[in-house]
There are 2 protein chains.
Amino acid sequence: MQDQRTSPHPAGGENLLFLTDDQLRRGIEAMFFAYRGFTADPDRILENYAYGRAHHRAIHFINRSPGTTVSNLLDVLGVTKQSLNRVLRTLIEDGLVESRVGTRDKRERHLYLTEEGRALERDLSEAQRRRMRAAYRAAGPEAVAGFRLVLEQMMDPQMRAWFNALKDGGS
Amino acid sequence: MQDQRTSPHPAGGENLLFLTDDQLRRGIEAMFFAYRGFTADPDRILENYAYGRAHHRAIHFINRSPGTTVSNLLDVLGVTKQSLNRVLRTLIEDGLVESRVGTRDKRERHLYLTEEGRALERDLSEAQRRRMRAAYRAAGPEAVAGFRLVLEQMMDPQMRAWFNALKDGGS
DNA sequence: CTTGGAAAGTCAACAAGGCTGACTTAATAT
DNA sequence: ATATTAAGTCAGCCTTGTTGACTTTCCAAG
């Protein structure tokens with residue numbers, strides 16, 4: 001099962017054992033199982049509402065960038081307008097999200113969480129943070145730095161750009 | 001100080017800045033965007049077939065544990081029998097998976113990839129490994145160790161058990 | 001001032017892939 | 001003998017994704 005082809009032996013002087021197909025496959029499986037854990041807690045909360053993961057994602061990014069436009073959200077979430085619209089409509093109808101017509105450009109809709117929306121967001125993200133906190137604490141700061149580094153390298157360039165744009169807040 | 005059990009690292013020094021809500025939220029967003037990248041390449045390949053992510057997962061774990069039973073796969077994938085069956089049936093019909101009646105217990109079906117199944121598996125996993133390899137290489141071995149540590153801590157205990165069982169091959 | 005095009009929203013239809021519930025068949029275990 | 005277990009099936013439902021066609025609103029350029 002081991003494939004030495006991909007990473008022979010210390011090529012120059014580097015130890016490249018962490019690049020064997022076996023190591024990579026372990027990483028793939030770790031991502032699979034970890035992502036299941038990652039979404040488990042919010043999913044449990046959402047069961048009590050008539051919402052799903054799609055609603056969670058919308059709520060998360062609206063909270064992160066209050067006043068963001070629909071088309072911006074479309075890009076970040078990577079779904080179609082029709083798909084997002086269905087989710088957004090129920091959130092607006094239920095009074096969790098407010099959609100304000102743009103002042104500079106009145107075609108645009110700027111999205112904000114209402115107080116009720118923020119309450120659900122806090123619930124969901126606190127559950128997710130709790131697990132993250134436990135994992136970070138158990139792994140330690142060095143591991144966390146590595147975790148973040150690898151994840152960032154796994155993103156497509158476009159996603160990395162959005163990810164880094166979020167760093168400094170703003171829509 | 002009372003936390004020494006949970007966090008081996010910053011016992012006395014107490015640099016816990018990596019546990020701020022802001023840091024945790026960054027980790028959450030990193031997981032979201034990275035997982036999109038993680039699934040993007042296999043998804044592109046699967047478009048050419050009439051298969052989806054569910055088929056990929058089944059193929060992956062059958063390849064990992066040749067001869068695994070249906071109920072074992074059910075546990076690992078975390079879906080219902082009906083859901084898995086739909087996927088498995090098409091894979092068997094299409095000749096990618098072989099289902100053999102158990103010898104010890106004839107109620108069980110043991111699953112194996114055919115040569116054609118292994119070919120698709122190689123395609124899919126090579127695409128996924130390519131991205132993983134690039135990320136690992138760019139991040140370096142220290143980061144990879146941290147990455148794996150944090151991911152493992154994010155899993156539910158049950159998943160961690162399956163994850164570690166896979167380490168030593170076979171079902 | 002008209003017109004082209006962008007942003008947003010809507011309707012309809014469809015598919016993948018989850019789910020529950022009810023039920024059968026075969027084989028093992030008690 | 002009977003109960004339990006593994007697998008499979010049928011029917012129906014939901015969420016969340018997709019296309020395609022279309023409208024409304026509005027900005028901006030000719």
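Worth knowing before you read on, the calculation uses all heavy atoms, side chains too, and leaves out hydrogens, waters and symmetry mates. The sequence lines fix the lettering, A, B, ..., with proteins before strands; numbering per chain opens at 1.
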Q) Taking the six-membered ring where the residue is Trp, are the ring centres of A/Phe147 and B/Phe18 under 6.0 Å apart? A)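 No, the ring centres sit 6.0 Å or more apart.
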Q) Ring centroid separation for A/Phe32 and B/Tyr35, is it under 6.0 angstrom? A)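 When the ring centroids of A/Phe32 and B/Tyr35 are compared, they turn out to be at least 6.0 Å apart.
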From [atom1] of [X] over to [atom2] of [N], roughly how many Å is that when rounded to an integer?
X	N	atom1	atom2	value
B/His56	C/dG17	NE2	C1'	16 Å
B/Leu84	D/dA6	CG	P	15 Å
A/Leu74	D/dT19	CG	C1'	15 Å
A/His110	D/dC26	NE2	C1'	13 Å
B/Asp75	D/dT5	CG	P	14 Å
B/Tyr49	C/dG17	OH	C1'	21 Å
B/Lys81	C/dG17	NZ	C1'	17 Å
A/Leu111	C/dA7	CG	P	15 Å

Q) Ignoring hydrogens and angles, does a donor from either the side chain of B/Gln82 or the base of C/dG21 sit under 3.5 Å from an acceptor on the other? A)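 Yes, the side chain and the base share a sub-3.5 Å donor-acceptor pair.
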Q.
Once hydrogens and angles are ignored, does a donor-acceptor distance under 3.5 Å link the base of C/dG18 to the side chain of B/Arg86?
A.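 For B/Arg86, whose side chain was compared with the base of C/dG18, there is a donor-acceptor pair (under 3.5 Å).
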Q: Using only side-chain N and O atoms of A/Thr80, determine if any of them is under 4.0 Å from OP1 or OP2 of D/dT18.
A: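 Answer yes for this pair, as a side-chain N or O of A/Thr80 is under 4.0 Å from OP1 or OP2.
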Q. Between A/Arg57 and D/dT16, is there a side-chain N or O to OP1/OP2 distance below 4.0 Å?
A.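 It does not, given that no N or O in the side chain of A/Arg57 lies less than 4.0 Å from OP1 or OP2 of D/dT16.
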Q. Which parts of residues 28-48 of chain B get close to DNA chain D, meaning a heavy atom less than 4.0 angstrom away?
A.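 Nothing qualifies; none.
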Q) Among residues 101-108 of chain B, which residues get a heavy atom nearer than 4.0 Å to DNA chain D? A)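 Heavy-atom cutoff 4.0 Å gives B/Arg107, B/Glu108.
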Q.
Under 3.5 Å, is there a donor on one side chain and an acceptor on the other for B/Glu98 and B/His110?
A.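 Their side chains do not contain a donor-acceptor pair, so the 3.5 Å distance test is not met.
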Q) Do A/Asp94 and A/Tyr51 have a side chain donor and acceptor closer than 3.5 Å? A)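 A pair is found: one side chain offers a donor N or O, the other an acceptor, under 3.5 Å apart.
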**Q.** Comparing A/Ala50 and B/Leu88 on DNA chain D - which has the more 5′ nearest nucleotide
**A.**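 Its nucleotide being nearer the 5' end, the pick is B/Leu88.
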Of the nucleotides [options], which has the atom closest to the [X] side chain?
X	options	answer
B/Thr69	C/dT20, D/dT16, D/dA7	D/dA7
B/Arg109	C/dG9, D/dT19, D/dA7	D/dA7
B/Ser71	C/dA8, D/dT9, D/dA6	D/dA6
B/Val70	D/dA7, D/dG17, C/dG9	D/dA7
B/Asn85	C/dT10, C/dC19, D/dG8	D/dG8

Q) Nearest heavy-atom pair of B/Leu166 and B/Ser65: which atoms, and what distance? A)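 Between these two residues, the closest heavy atoms are CD2-OG, 3.6 Å.
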Q: Please check if the side chain of A/Arg109 supplies one atom and the backbone of A/Arg100 the other of a donor-acceptor pair under 3.5 Å.
A: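 No, because the side chain of A/Arg109 does not come within donor-acceptor range (under 3.5 Å) of the backbone of A/Arg100.
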Q) Who passes side-chain hydrogen bond (donor to acceptor under 3.5 Å, both in side chains) against B/Arg130, sequence neighbours left out? A)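 Partners of B/Arg130 by the side-chain hydrogen bond (donor to acceptor under 3.5 Å, both in side chains) criterion come out as none, since no residue qualifies.
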Q) Should A/Glu47 and A/Arg44 count as an ion pair when the cut-off is N to O under 4.0 Å? A)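 No salt bridge links A/Glu47 with A/Arg44.
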**Q.** Salt bridge B/Asp156-A/Arg131, side-chain N to carboxylate O under 4.0 Å
**A.**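 Yes, this pair counts.
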Q. Across the strands shown, which category fits B/His55 at heavy-atom distances under 4.0 angstrom: base, sugar-phosphate, nothing?
A.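 Touches sugar-phosphate only.
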Q.
Here's a test for you: under side-chain contact (heavy atoms from CB on, under 4.5 Å), which of A/His60, A/Glu126, A/Arg53, A/Gln128 qualifies with A/Pro42?
A.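 Testing each of A/His60, A/Glu126, A/Arg53, A/Gln128 against A/Pro42, the sole residue satisfying side-chain contact (heavy atoms from CB on, under 4.5 Å) is A/Gln128.
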